Enquirer: 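Just dropping this structure here.
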Amino acid sequence: MKRKIIHVDMDAFYAAVEQRDNPELQGKPVVIGGRAKSRGVVSTASYEARKFGIRSAMPLIEAYHRCPQAIFLPPNLVKYRWVSQQIMEIFSEFTPLVEAISLDEAFLDVTGTERLFGEAVVIAKRIKKRIKDELNLTCSIGIAPNKFLAKLASDLEKPDGLVVITEDDIQSKVWPLPVGKVWGVGYKTAQRLEEFNIKTIGDLAGTHVDLLARILGNWGLEAHKLANGIDNRPVLPEREAHSIGHEMTFDVDISDKEILTRILLELSQNVGFRLRRAGLKGRTIVLKLRFADFKTITRNHTRLEETNFDDVIFEESLNLFQSNYSGQESLRLIGVTVTGLVKENEVSKQFTLFSDNDDKFEELYKTLDQINIKYGKNTIIRASLLNDEK
Ligand code: TTP
Ligand code: MG
């Protein structure tokens, strides 16, 4: 049976939440990341700010030069997580098969639920309406027979888009797109493909797999399949996941250890939150670093006990970072993943040494995750994320 996959992605997520909650920001260029001239990178920018060329992962100082009149704000992660939870709850009313891939993005497999809720397009419209009515935010949705095509589709008419891609549309809607739109093809890979005159997804689809294997290594065959619209990956709810991770690719290579440490903290918090939401804990923390020359390393550390605490994930990934990053070369990408997952309630109580403490922390994290925006801005975020915001 043909699958019906929906991909939902919130529009300018962090910025849209801030604009929603402060009417003075509406219709204005808003940059989320930190103070205009502070160190650090842009998390996201409102669509008004994007007109000035401001993009995620751009250094804040460059964003400031592009648009000095923009309003610069630090991210309020507690608030975004709360909104994220509300969005995910709406999704899960339409299908149990929801895979959240970041705070603002999820895949839904609605293959079996169409009889209950109507066609995928009807479901998508209902989701958009509920997000607008209940959360006063907009999202963009893609519908397709698989994840790759659904994600492409949601990106085609941002913001507030709704795009369906069927197998018959691949040639007309997908092949003309630049090759950089293929999952996993970053800026550098796209440049390399261009040297072989592979510029569009159609070019990629028409290139012999042997040549692609020479250019892209193992990944060549996979990329060729995607370009031809073939992608059999299932939608995996996080509670069934084997690993949960988050990574960030930078627009400009970064070697500043302080900035990188802050990014590590943000990634660790994101992963911790998603683990807790999925009711999971993991033992192995994996750090991924991609250097300016594209060399990629992963380093991991396995703990005696499973965890889903932000602090522990951060501490472990920072240790790995400090022992594997000299500061000499700049980085293009950094990622944190936790693997070796078990369900929270199946964690072995073999190591009881810290369990009293752990129980206290568990309570603390539960409270943190539930804290509502009404308790004020930046209520509880690790101090080092905010140091120069004060
Ligand atoms: P995205 O969905 O990539 O971006 P967006 O929602 O801001 O804008 P749009 O989807 O309309 O293009 O990312 C979701 C949030 O994740 C974003 O609001 C901020 C955060 N983020 C970062 O902190 N750093 C990054 O480099 C990226 C890409 C996103
Ligand atoms: Mg988004």
Side-chain angles (χ1 to χ4, degrees), residues 6-21 25 29-34 38 40-51 53-60 62-63 70 72-85 87-88 91 99-107 127-128 131-132 135 137-142 150-163 180-181 183-184 186-187 245-254 259-260 262-271 273-274 288 290 331-336 381 385-386 389:
I6 289 181
H7 179 257
V8 189
D9 188 311
M10 302 300 293
D11 301 323
F13 185 48
Y14 296 2
V17 172
E18 298 300 345
Q19 285 183 317
R20 175 192 76 173
D21 294 343
L25 302 177
V30 175
V31 176
I32 310 295
S38 60
V41 294
V42 173
S43 301
T44 193
S46 68
Y47 276 81
E48 293 85 352
R50 291 184 198 193
K51 289 192 194 128
I54 299 175
R55 297 282 179 269
S56 294
M58 174 182 278
L60 284 164
E62 190 184 335
F72 288 80
L73 298 170
N76 184 346
L77 292 172
V78 175
K79 181 153 110 178
Y80 312 142
R81 282 175 199 169
W82 170 248
V83 180
S84 173
Q85 215 156 5
I87 297 162
M88 300 299 167
F91 301 158
E99 177 178 345
I101 52 173
S102 73
L103 285 189
D104 87 322
E105 217 181 315
F107 287 107
I127 288 174
K128 282 173 81 80
I131 290 182
K132 185 77 199 128
L135 303 173
L137 292 168
T138 64
C139 63
S140 295
I141 297 189
K151 189 165 158 74
L152 268 186
S154 73
D155 194 48
L156 284 181
E157 288 178 18
K158 258 186 170 296
D160 205 10
L162 172 54
V163 176
K181 294 268 178 194
W183 226 339
Y187 176 68
H246 200 59
E247 56 186 45
M248 211 183 266
T249 310
F250 314 128
D251 252 17
V252 183
D253 298 343
I254 299 180
I259 296 181
L260 292 167
R262 282 159 181 258
I263 292 171
L264 261 189
L265 176 59
E266 213 172 306
L267 294 171
S268 305
Q269 290 182 319
N270 184 307
V271 172
F273 171 69
R274 285 167 56 204
K288 176 169 162 188
R290 177 165 298 147
L331 292 177
R332 309 187 38 79
L333 172 150
I334 186 163
V336 174
I381 304 182
L385 260 188
L386 299 171
E389 263 48 90

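All figures in this text were calculated on a predicted structure; none of them were measured in a lab. For this chain, numbers begin at 1 and follow the sequence in order. Each ligand, and each atom within it, is numbered from 1 in the order the structure gives.
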Enquirer: Val83 and Phe13: side-chain contact (heavy atoms from CB on, under 4.5 Å), yes or no, with the steps?
Expert: CA-CA 10 Å; Val83 180; Phe13 185 48; 3.9 Å; yes

Enquirer: Hey, looking at atom 16 (O) of ligand 1, which of Tyr47, Tyr14, Phe250 has the closest heavy atom?
Expert: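 Result: the heavy atom closest to atom 16 (O) of ligand 1 is in Tyr14.
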
Enquirer: Between the side chains of Thr44 and Arg50, is a donor N or O closer than 3.5 angstrom to an acceptor N or O?
Expert: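 On atom types as modelled, these side chains qualify, holding a pair under 3.5 Å.
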
Enquirer: Quick test: of every protein heavy atom, which one is nearest to atom 10 (O) of ligand 1, and how far off is it to 0.1 Å?
Expert: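 Going by distance alone, atom 10 (O) of ligand 1 is nearest to Asp9 OD1, 2.9 Å.
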
Enquirer: May I ask you to decide if Leu103's main-chain N or O and Ser84's side chain share a donor-acceptor pair within less than 3.5 Å?
Expert: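 At least one qualifying donor-acceptor pair exists.
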
Enquirer: For ligand 1, does Met10 get within less than 4.0 Å through its side chain, its backbone, both, or neither, judged by non-hydrogen atoms?
Expert: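 Answer for Met10: backbone.
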
Enquirer: Which of the atoms in ligand 1, numbered in the order shown and given with their element, are less than 4.0 Å from a heavy-atom of Ser56?
Expert: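 In order of numbering, the contacting atoms are 25 (C), 26 (O), 27 (C), 28 (C).
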
Enquirer: I'd like to know whether Glu247 forms a side-chain contact (heavy atoms from CB on, under 4.5 Å) with Lys288, so could you lay out the CA-CA distance, the side-chain angles of the two residues, the decisive distance to 0.1 Å, and finally the verdict.
Expert: CA-CA 8 Å; Glu247 56 186 45; Lys288 176 169 162 188; 3.1 Å; yes

Enquirer: Check for me: within less than 2.8 Å of the Mg ion (ligand 2), which protein N/O/S atoms show up?
Expert: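 Protein N, O or S atoms closer than 2.8 Å to the Mg ion (ligand 2): Asp9 OD1, Met10 O, Asp104 OD2.
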
Enquirer: For the 3.5 Å polar cut-off, considering only N or O atoms, please tell me whether Ala15 and ligand 1 meet it.
Expert: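 Ala15 vs ligand 1: no N/O contact under 3.5 Å.
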
Enquirer: List ligand 1 atoms under 4.0 Å from Phe13, heavy atoms only on the residue side.
Expert: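 Answer for ligand 1: 5 (P), 6 (O), 7 (O), 18 (O).
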
Enquirer: Have Gln19 and Tyr14 got a donor and an acceptor in their side chains that come within less than 3.5 Å?
Expert: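 There is no such pair between these side chains.
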
Enquirer: For the pair Ile259 and Phe250, evaluate side-chain contact (heavy atoms from CB on, under 4.5 Å) and give the outcome as yes or no after the intermediate values.
Expert: CA-CA 12 Å; Ile259 296 181; Phe250 314 128; over 6 Å; no

Enquirer: Checking the N or O distance criterion of under 3.5 Å, is ligand 1 in contact with Thr44?
Expert: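 Yes, at least one N or O pair falls under 3.5 Å.
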
Enquirer: Leu260 and Ile334: which non-hydrogen atoms are nearest, and at how many Å?
Expert: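 What the structure gives for the nearest pair is O-CD1, 4.5 Å.
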
Enquirer: So, using side chain to side chain contact (heavy atoms under 4.5 Å, CB included) as the criterion, who are the partners of Ser140 when residues are at least two apart?
Expert: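 Side chain to side chain contact (heavy atoms under 4.5 Å, CB included) list for Ser140, sorted by chain: Asp11, Lys158.
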
Enquirer: Students often mix this up, so state it plainly: with edges at 30° and 60°, are the rings of His7 and Phe107 parallel, tilted or perpendicular?
Expert: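 Ring orientation of His7 relative to Phe107: tilted.
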
Enquirer: Would you check if the side chain of Ser154 reaches a backbone N or O of Val8 as a donor-acceptor pair within less than 3.5 Å?
Expert: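 It does not hold such a pair.
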
Enquirer: Does Ala12 come within less than 4.0 angstrom of ligand 1, counting non-hydrogen atoms of the residue?
Expert: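 Yes.
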
Enquirer: Can you list the ligand 1 atoms lying under 4.0 Å from a non-hydrogen atom of Glu266?
Expert: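 Answer, ordered by atom number: 23 (O).
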
Enquirer: At a 4.0 Å threshold, what atoms of ligand 1 neighbour a non-hydrogen atom of Met248?
Expert: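 In order of numbering, the contacting atoms are 24 (N), 26 (O).
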
Enquirer: May I ask you to decide if Leu264's main-chain N or O and Ser268's side chain share a donor-acceptor pair within less than 3.5 Å?
Expert: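 Yes, because the side chain of Ser268 sits within donor-acceptor range (under 3.5 Å) of the backbone of Leu264.
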
Enquirer: Answer yes or no: is there a donor N or O on one side and an acceptor on the other, between the side chain of Lys128 and the main chain of Cys139, under 3.5 Å?
Expert: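 Yes, the answer is positive, given that a donor and an acceptor are paired below the 3.5 Å cut-off.
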
Enquirer: Give a yes/no on ligand 1: does Arg50 have at least one heavy atom closer than 4.0 angstrom to it?
Expert: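 It does, in that a heavy atom of Arg50 comes within the 4.0 Å cut-off of ligand 1.
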
Enquirer: Strictly distance-based, threshold 3.5 Å: is any side-chain N or O of Arg20 a donor or acceptor partner for the main-chain N or O of Leu135?
Expert: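 Yes.
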
Enquirer: To which protein heavy atom is atom 1 (P) of ligand 1 closest, and what is the distance rounded to 0.1 Å?
Expert: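 Atom 1 (P) of ligand 1 sits closest to the protein heavy atom Asp104 OD2, 4.1 Å.
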
Enquirer: Hey, is atom 26 (O) of ligand 1 under 4.0 Å from any protein heavy atom?
Expert: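 Under the 4.0 Å cut-off, atom 26 (O) of ligand 1 does have protein heavy-atom neighbours.
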
Enquirer: Among all the protein's non-hydrogen atoms, which is closest to atom 29 (C) of ligand 1, and how far away is it?
Expert: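 Nearest neighbour among protein heavy atoms for atom 29 (C) of ligand 1, to 0.1 Å: Ser43 O, 3.6 Å.
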
